[in-house]
Amino acid sequence: MLELGLKILIAYLLGSLMGALLVGAARGGVDIRLQGSGNAGGTNALRTQGFAFAAATAVIDVGKGWLAAGWLPGLVLPGIAADPSIDRAWITAACAFAAMSGHVWPLYHDFRGGKGGATLVGCLLAVAPILVPVALGAWFAVVLLSGFVGLATTIAAVSVPLALALQGAPPTPLLAFTLAASALVTFAHRPNFERMRAGREPRFERLWLFRPRRPRA
């Protein structure tokens, strides 16, 4: 259990490294939580700082998910023996979810983080890359039809365990992780849903197919 506990802690601390805030620090102290929607995620980074800033943010947030799920579970910790009583797949699932939790509630940044979507993609790249096109396809479809990025990210996260279940008898640890991850992403997007109900949620008009056409001058 000591190995599991330490790796969960390391994964959480790794997840707490926020891409947007690290890139913002390198940009002279930019804190996007004080701009736009106030979220430290890729969408707010794109809206407030532009493509290059958002791309760097995504690389970090996806990368930490990949490290937590693909590298950390097999890491040999100095002085800590591998626990033969724990299935490696469960350690992987626990580390992946811990990294996502760190992204949503980062220790280093007053527990004010992002929504977990990019980190989920990184975890999936490590443990089930075949599910990444499913998530990205669902994301693009919902953005194109609705323009709402938060809704798209939530639907994309929920589509992952559904697609996994449709494959028939999926590995229990992987199914448990994807279910927990989709619940976390949905929970983190509660402010987006509230703004949608109030009619105040902005749309991603660059991709939205049904945006109102502005009259020509």
Side-chain angles (χ1 to χ4, degrees), residues 1-24 31-33 37-45 57-75 77 83 86-128 131-132 135 139 149-150 152-161 164 171-193:
M1 292 299 290
L2 181 58
E3 179 199 15
L4 176 62
L6 285 175
K7 287 185 174 179
I8 288 175
L9 175 61
I10 294 170
Y12 168 76
L13 296 176
L14 180 62
S16 291
L17 296 171
M18 298 300 300
L21 300 180
L22 291 174
V23 176
D31 187 347
I32 67 168
R33 294 175 301 175
S37 67
N39 180 252
T43 302
N44 196 36
T57 295
V59 168
I60 294 173
D61 290 344
V62 170
K64 69 187 182 186
W66 183 88
L67 287 172
W71 166 75
L72 180 57
L75 178 66
L77 299 175
D83 190 339
I86 302 177
D87 190 331
R88 298 291 100 181
W90 279 111
I91 294 180
T92 298
C95 288
F97 187 74
M100 290 187 61
S101 298
H103 181 83
V104 176
W105 298 293
L107 177 65
Y108 317 120
H109 305 292
D110 304 320
F111 301 100
R112 293 176 55 206
K115 304 297 179 65
T119 305
L120 172 58
V121 170
C123 294
L124 292 177
L125 284 172
V127 300
L131 295 174
V132 174
W139 187 90
V149 174
T153 305
T154 301
I155 296 298
V158 171
S159 73
V160 172
L164 189 61
T172 301
L174 180 58
L175 181 60
F177 163 66
T178 57
L179 286 170
S182 65
L184 178 59
V185 170
T186 301
F187 178 82
H189 279 88
R190 288 173 301 144
N192 300 76
F193 301 140

Close side-chain approach of [X] and [Y], heavy atoms under 4.5 Å:
{"X": "Tyr108", "Y": "Leu21", "answer": "no"}
{"X": "Arg33", "Y": "His109", "answer": "yes"}
{"X": "Thr172", "Y": "Trp90", "answer": "yes"}
{"X": "Phe193", "Y": "Thr186", "answer": "yes"}
{"X": "Leu72", "Y": "Leu14", "answer": "no"}
{"X": "Lys115", "Y": "Val104", "answer": "no"}
{"X": "Cys123", "Y": "Phe177", "answer": "yes"}
{"X": "Met18", "Y": "Thr57", "answer": "no"}

Quick check for you: to the nearest 0.5 Å, what is the distance between [X] atom [atom1] and [Y] atom [atom2]?
{"X": "His189", "Y": "Leu184", "atom1": "NE2", "atom2": "CG", "answer": "10.0 Å"}
{"X": "Leu120", "Y": "Thr178", "atom1": "CG", "atom2": "OG1", "answer": "8.5 Å"}
{"X": "Asp61", "Y": "Thr119", "atom1": "CG", "atom2": "OG1", "answer": "5.0 Å"}
{"X": "Phe187", "Y": "Thr154", "atom1": "CZ", "atom2": "OG1", "answer": "12.5 Å"}
{"X": "Phe97", "Y": "Thr92", "atom1": "CZ", "atom2": "OG1", "answer": "15.5 Å"}
{"X": "Leu4", "Y": "Arg88", "atom1": "CG", "atom2": "CZ", "answer": "9.0 Å"}

Item to complete: Verify, without hydrogens or angle tests, whether Asp87 (side chain) and Ala89 (backbone) share a donor-acceptor contact under 3.5 angstrom.
Response: yes
Discussion item. Check whether Tyr12 reaches the backbone of His103 with its side chain - one donor and one acceptor, N or O, closer than 3.5 Å.
Written reply: no
Which pair of non-hydrogen atoms, one from [X] and one from [Y], has the smallest distance, and what is that distance?
{"X": "Gly150", "Y": "Asn192", "value": "CA-ND2, 4.0 Å"}
{"X": "Leu131", "Y": "Val160", "value": "CD1-CG1, 3.7 Å"}
{"X": "Met100", "Y": "Ala181", "value": "SD-CB, 3.6 Å"}
{"X": "Leu174", "Y": "Ala128", "value": "CD2-CB, 4.0 Å"}
{"X": "Trp139", "Y": "Thr153", "value": "NE1-OG1, 3.2 Å"}
{"X": "Pro73", "Y": "Ala68", "value": "CD-O, 3.1 Å"}

Item to complete: Apply side-chain contact (heavy atoms from CB on, under 4.5 Å) to Lys7 and Ile91, showing your working.
Response: CA-CA 8 Å; Lys7 287 185 174 179; Ile91 294 180; 4.2 Å; yes
Discussion item. Quick one, Val158 with Val185, criterion side-chain contact (heavy atoms from CB on, under 4.5 Å). Give me CA distance, side-chain angles, the key distance, then yes/no.
Written reply: CA-CA 9 Å; Val158 171; Val185 170; over 6 Å; no
